[in-house]
Amino acid sequence: MPRPLPEPMPALKPGPMPEPMLVCRDVWKVFGPQAARVLSDLGPEASADQFVTKGHIPAVRAVDLEIGAGEIFVIMGLSGSGKSTLVRCLSRLIEPTAGEILFHGENLLAMSEDRMRDLRRHRMGMVFQHFALLPHLTVAQNVAFPLEVQGVARSEREDRARRMVALVGLQGREDAFPRQLSGGQQQRVGIARSLAADPELWFLDEPFSALDPLIRREMQDEFIRLQSVLKKTIVFITHDFDEAIRLADRIAIMKDGAVVQVGTPEDLVMNPATDYVAEFTRAVTRPKVVPVTRLMGPVTGPDPDATLPARTRLAEAAPLFLTHETVRITDEDGRTLGHLHRADVVAMMLEG
Amino acid sequence: MAGRGIRAVVVWAGALALLALFITFGKPLAPWAFDWPRAAELPAARWISALMRWLLNDASFGLFTFRDLTRAVAAVIDLPYRAVLGLLSGGFGALPPLGWLAVTGLAMVIGHRAGGWALAALSGAGFLFIAVFGQWTSAMVTLASILIAVPIGIAGGLALGLAAHRWPGLNRAITPALDLMQTIPVFAYLVPVLILFGFGPVAAVIATVIYAMPPMTRITQLSLSRVPSELRDLGQMVGCSRHQMTWKVMIPSAREGLMVGVNQVIMLSLNMVIIASMIGAGGLGFDVLAALRRLDFGAGLEAGFAIVALAIVLDRISQAMAQDRPGARAGHSYLLVALAVLVLAGGLTMVLPGAQDYPAEARLSTGTFWSDVVRHINVNYFDALEAVKNFFLLNLMIPFKRFLIGLPWLGVAALLALAGWRLGGARLAALSGGLVVVIAATGLWEEAMTTVYLCGIAVVIAMLIGLPIGVLAAERDSLWPGLKLVIDTLQTLPSFVYLMPAVMLFRVGDFTALLAVVAYAIAPAIRYTALGLQGVDARLVEAGRAMGCTRGQILWRIKLRLALPEILLGLNQTIMFALSMLVITALVGTRDLGQEVYIALTKADAGRGLVAGMCVAFIAIIADRLIQGAARRARARLGLET
Ligand SMILES: Nc1ncnc2c1ncn2[C@@H]1O[C@H](COP(=O)(O)OP(=O)(O)OP(=O)(O)O)[C@@H](O)[C@H]1O
Ligand SMILES: [Mg+2]
């Protein structure tokens with residue numbers, strides 16, 4: 001029987017949710033002719049089979065979500081569970097069949113085409129699973145493409161593109177064409193491009209799924225590094241639970257178009273809402289999802305020289321304790337939050 | 001499986017027996033089933049002619065009449081045509097045209113830009129050849145028509161393709177029209193164009209554009225629909241306007257496919273500009289046509305060779321452009337080099353008159369040589385050639401022709417409906433049977449059957465030659481590249497060119513037509529067979545080898561069987577090629593639908609020409625749909641399609 005986790009220290013209790021940036025209310029997407037009528041005829045309780053017999057596919061079913069500013073929100077589920085369709089609804093690349101999507105409190109679905117275009121140009125960015133690089137443009141031109149579309153002057157957009165390319169570590173390859181790059185490099189270009197217009201809301205649809213496991217891991221590290229600098233609001237899609245718990249502040253699990261549970265990685269592992277979620281999280285040990293802040297104590301004695309950022313999970317932190325007795329936990333700005341001791345980590349790791 | 005096979009055999013044997021009975025005993029009972037009664041003939045030709053008359057004389061759009069419209073179109077094309085023609089051949093008043101040296105130099109610069117030194121050399125050699133053999137002036141007239149027709153064809157096809165991509169309704173509306181346009185024989189277009197726009201190069205350019213645009217439209221539609229949906233999403237996400245979406249995302253992403261379309265437009269335009277010499281295009285096509293009429297083989301062949309040279313240069317340059325890797329370009333420097341060439345060549349003409357017009361004393365003419373060769377052959381081998389021709393005519397062609405013409409239209413309609421029903425269900429049955437009835441109702445049954453007889457024999461011969469060559473090429477990898485180059489080149493040659501050698505040896509008549517058609521239609525038979533065999537899953541071949549099959553068994557039992565759908569498509573293409581060539585053989589005196597169109601052309605009778613042209617299109621459509629149905633069934637049976 002694992003011992004109950006200590007309550008987090010009062011100062012770290014999650015405060016009131018930050019103002020939600022993107023809210024999704026009862027969103028449906030049914031593929032097929034006259035989908036809206038079919039949906040209202042069958043009613044929200046209809047089973048998937050009832051839709052299918054009418055020749056329709058309910059790809060997204062009654063989804064309610066709130067995504068906070070600065071949050072990394074991961075949507076995960078098996079292939080065909082409706083993740084891509086949901087994000088395409090959130091960005092209104094496809095028109096939802098029913099529901100509301102509020103961006104800073106304003107309904108996206110009621111917006112004019114012009115306003116929507118403006119929003120996408122300046123405030124949203126997207127990274128695609130198969131990179132979606134334009135084959136006839138160089139790396140720099142691809143990255144500058146969103147700015148070109150906006151009509152930014154050439155010198156300025158070239159300058160911005162060069163900085164973005166450097167940010168993702170591709171300096172020197174500016175004049176290469178996409179087909180001359182490896183998959184990982186191509187996705188770096190995709191990431192640089194999606195950031196070129198400095199969006200506040202960043203969609204990533206399985207950005208690393210087409211990559212080899214090693215490269216994928218490297219790209220995840222890169223993504224974490226970028227986010228620590230950029231602090232965007234992120235909607236990230238994956239079908240890989242390991243990826244989800246590495247990156248997520250919160251995770252939504254989808255099954256057959258519906259969201260089954262939303263919670264922190266820790267919540268999902270400790271309190272799975274359904275058997276389906278339990279099945280997903282079964283192979284995951286607690287240290288993989290428990291953040292270091294959960295076990296740390298108050299500051300005692302002099303500050304140790306080893307530090308860990310607050311969002312590190314215990315399993316990732318553990319190797320550091322081979323050489324250190326105590327580690328300092330810091331927030332994003334480097335301020336000390338508390339101290340973590342080897343004995344507590346070892347006890348937790350042994351319980352698994 | 002076996003049961004179904006037996007049932008099929010019973011159905012077909014029964015149907016054929018019924019037909020045989022009907023042919024033997026039916027004529028006195030139901031003569032109307034053999035010859036469509038005159039009184040019931042569709043006066044379609046008259047309707048069309050009346051429509052044309054109305055268009056020309058009375059049609060009006062309120063502000064302007066139809067006449068004004070055609071005049072405006074003609075004027076819009078006439079102006080740039082005159083400019084290009086002046087530049088290449090006529091000059092402007094006191095100003096001389098570009099000399100042969102300048103044009104050859106420019107062609108080399110373009111060749112280098114598209115494909116490096118090798119292509120530059122090829123382009124230079126092609127134009128030099130034309131100059132040396134004294135075909136320069138005609139070739140420039142032909143080139144001028146092409147230079148005007150190609151941009152219009154590309155722009156028009158692109159615009160229509162884009163529109164069809166954006167509005168699915170339009171797409172559904174134009175698809176059948178495109179189908180029909182691609183199967184109507186080229187001569188048939190010429191008649192209405194001739195009537196609406198008169199005799200001359202402008203009408204020829206218009207006919208060329210009409211002929212070359214449908215494939216560009218289709219390729220545009222296809223390549224746009226193949227742009228990955230992620231790229232479209234990307235365009236939306238970065239906030240592209242409609243215009244930006246089209247020009248910055250869709251068209252660049254579809255570039256490769258579009259360039260294939262450009263190549264097609266160029267080659268089809270060349271083909272058509274040659275044929276359109278009949279309505280006044282002038283140039284090389286006119287030289288061939290005039291030579292054919294005079295039976296002056298030497299002159300005809302020389303013009304033919306010049307067409308071949310032009311075709312090869314245009315084809316290779318446009319293909320190289322399609323493969324052109326972006327980034328390998330330095331446009332400004334090429335512009336500078338081109339300017340330098342112009343200035344240099346212009347300067348040279350000041351001191352050296354030979355740089356302007358290729359000097360007559362340095363020209364070569366093989367005309368007399370070829371005429372001598374032909375005379376020699378005819379003197380020495382006349383009997384042998386005549387014997388071959390007569391043998392084929394008497395033993396194969398004439399009996400088959402008589403047999404086909406003797407068939408009752410009702411029986412043919414029923415038989416083809418049965419085939420359609422077996423291969424594709426009720427719709428296909430109605431289509432094939434119905435079209436046969438329509439052909440009969442136009443009163444052109446005999447001409448149609450003559451077309452079918454020539455086309456049928458030509459296709460059988462082309463397949464009999466093409467299949468083994470294709471098999472051989474697929475079995476011996478080393479043969480394929482060379483063979484591919486040969487058939488690629490054969491396919492770039494305008495159909496007119498094929499007539500010349502056949503006429504030289506066998507003069508006019510059905511046998512000559514047959515040879516030209518076979519030569520023209522053999523390329524797809526070879527290509528599809530070879531590609532089909534090469535595409536057979538290597539694992540299945542390996543499995544066969546592991547079971548101990550001999551080479552022959554692997555070929556017969558595995559490869560040919562699996563390649564069947566592809567070979568059927570090859571057959572389909574062979575029929576389409578044969579039909580399009582067959583119409584042109586009207587020039588050597590066949591008595592088929594093509595002749596009907598040709599006569600209509602000389603008499604400027606739009607109704608007669610279009611009706612005969614539509615009949616050819618119907619024959620093509622019946623063959624196409626039935627074979628596609630068979631290929632689909634073969635694929636389904638082989639489990640190649642879900
Ligand atoms: N345009 C469409 N028309 C019809 N059905 C669609 C369309 N797009 C998606 N679907 C269907 O909707 C369902 C959800 O698809 P979606 O692409 O959102 O899944 P996903 O979770 O992103 O899967 P993957 O992990 O494979 O990307 C699937 O059953 C799919 O077949
Ligand atoms: Mg997806």
Side-chain angles (χ1 to χ4, degrees), chain A residues 84 87-88 90-95 113-152 175-180 190 193-197 199 201-207 210, chain B residues 113-114 154 158 162 165-169 171-172 219-220 222-262 320-333 642:
Chain A
S84 297
V87 199
R88 278 168 175 68
L90 294 182
S91 52
R92 217 181 140 194
L93 283 177
I94 51 183
E95 214 55 44
E113 202 167 312
D114 283 346
R115 176 115 170 68
M116 197 62 221
R117 181 176 308 139
D118 206 52
L119 211 67
R120 290 201 189 110
R121 282 187 176 181
H122 300 289
R123 300 175 75 176
M124 294 178 173
M126 188 179 271
V127 181
F128 298 87
Q129 178 168 2
H130 300 290
F131 323 137
L133 301 182
L134 292 166
H136 64 293
L137 299 182
T138 62
V139 166
Q141 288 166 335
N142 259 296
V143 173
F145 185 66
L147 305 174
E148 187 189 337
V149 166
Q150 291 174 23
V152 175
D175 295 323
F177 282 90
R179 75 199 118 76
Q180 299 166 328
R193 177 179 60 190
S194 69
L195 294 171
L201 181 54
W202 197 18
F203 296 106
L204 300 98
D205 185 357
E206 304 205 33
Chain B
R113 159 79 177 73
I154 292 173
L158 199 64
L162 277 169
H165 181 75
R166 181 177 296 171
W167 294 291
N171 188 10
R172 273 191 300 277
I219 289 177
T220 303
L222 200 71
S223 0
L224 288 178
S225 67
R226 283 195 184 151
V227 171
S229 65
E230 266 195 356
L231 282 175
R232 268 174 246 202
D233 286 351
L234 165 77
Q236 292 277 314
M237 272 321 280
V238 301
C240 283
S241 63
R242 271 233 164 115
H243 183 173
Q244 288 172 324
M245 190 74 174
T246 303
W247 295 101
K248 294 192 180 238
V249 178
M250 297 303 283
I251 288 187
S253 306
R255 181 171 178 283
E256 234 165 85
L258 293 178
M259 286 308 289
V260 173
V262 168
M321 281 179 172
Q323 285 158 9
D324 168 294
R325 292 275 151 238
R329 64 178 66 146
H332 305 307
S333 48
T642 46

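Chain identifiers are assigned alphabetically (A, B, ...) following the order of the sequence lines, protein sequences preceding nucleic acid strands; residue numbering begins at 1 within each chain. Heavy atoms only: backbone and side chains are in, while hydrogens, waters and symmetry mates are out.
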(request) May I ask you to name which of D175(A), L137(A), D205(A), L134(A) has the most heavy-atom pairs under 4.5 Å with chain B? (result) L134(A)
(message) Would you compute the distance between atom CZ of R117(A) and atom SG of C240(B) and round it to the nearest 0.5 angstrom?
(response) 9.0 Å
(request) Name the member of H122(A), R88(A), H130(A) that forms the most heavy-atom pairs with chain B at distances under 4.5 Å. (result) H130(A)
(request) Counting only heavy atoms closer than 4.5 Å, note whether R92(A) contacts chain B via side chain, backbone, both or neither. (result) neither
(request) For E230(B) and F131(A), work out which heavy atoms get closest and say how close. (result) OE1-N, 3.7 Å
(message) Using every non-hydrogen atom in the two residues, find where G239(B) and V149(A) come nearest and quote the distance to one decimal.
(response) O-CG1, 3.5 Å
(message) Using heavy-atom distances under 4.5 Å, tell me whether I94(A) contacts chain B through its side chain, its backbone, both, or neither.
(response) neither
(message) Would you compute the distance between atom CE of M124(A) and atom CD of Q236(B) and round it to the nearest 0.5 angstrom?
(response) 12.0 Å
(request) Of all the heavy-atom pairs spanning L234(B) and A132(A), show the shortest one and how long it is. (result) CD2-O, 3.6 Å
(message) What part of Q129(A) gets within 4.5 angstrom of chain B, counting heavy atoms only: side chain, backbone, both, or neither?
(response) both
(request) State which residues pass salt bridge (charged side-chain N to carboxylate O under 4.0 Å, His left out) with R166(B); sequence neighbours excluded, sorted by chain then number. (result) none
(request) Locate the shortest heavy-atom distance separating R121(A) from S241(B); write the atom from each residue and the value. (result) NH2-N, 4.1 Å
(message) Can you list the residues of residues 242-251 of chain B that sit under 4.5 Å from chain A, counting heavy atoms only?
(response) Q244(B), K248(B), V249(B)
(request) Please flag which part of P252(B) lies under 4.5 Å from any non-hydrogen atom of chain A: side chain, backbone, both or neither. (result) both
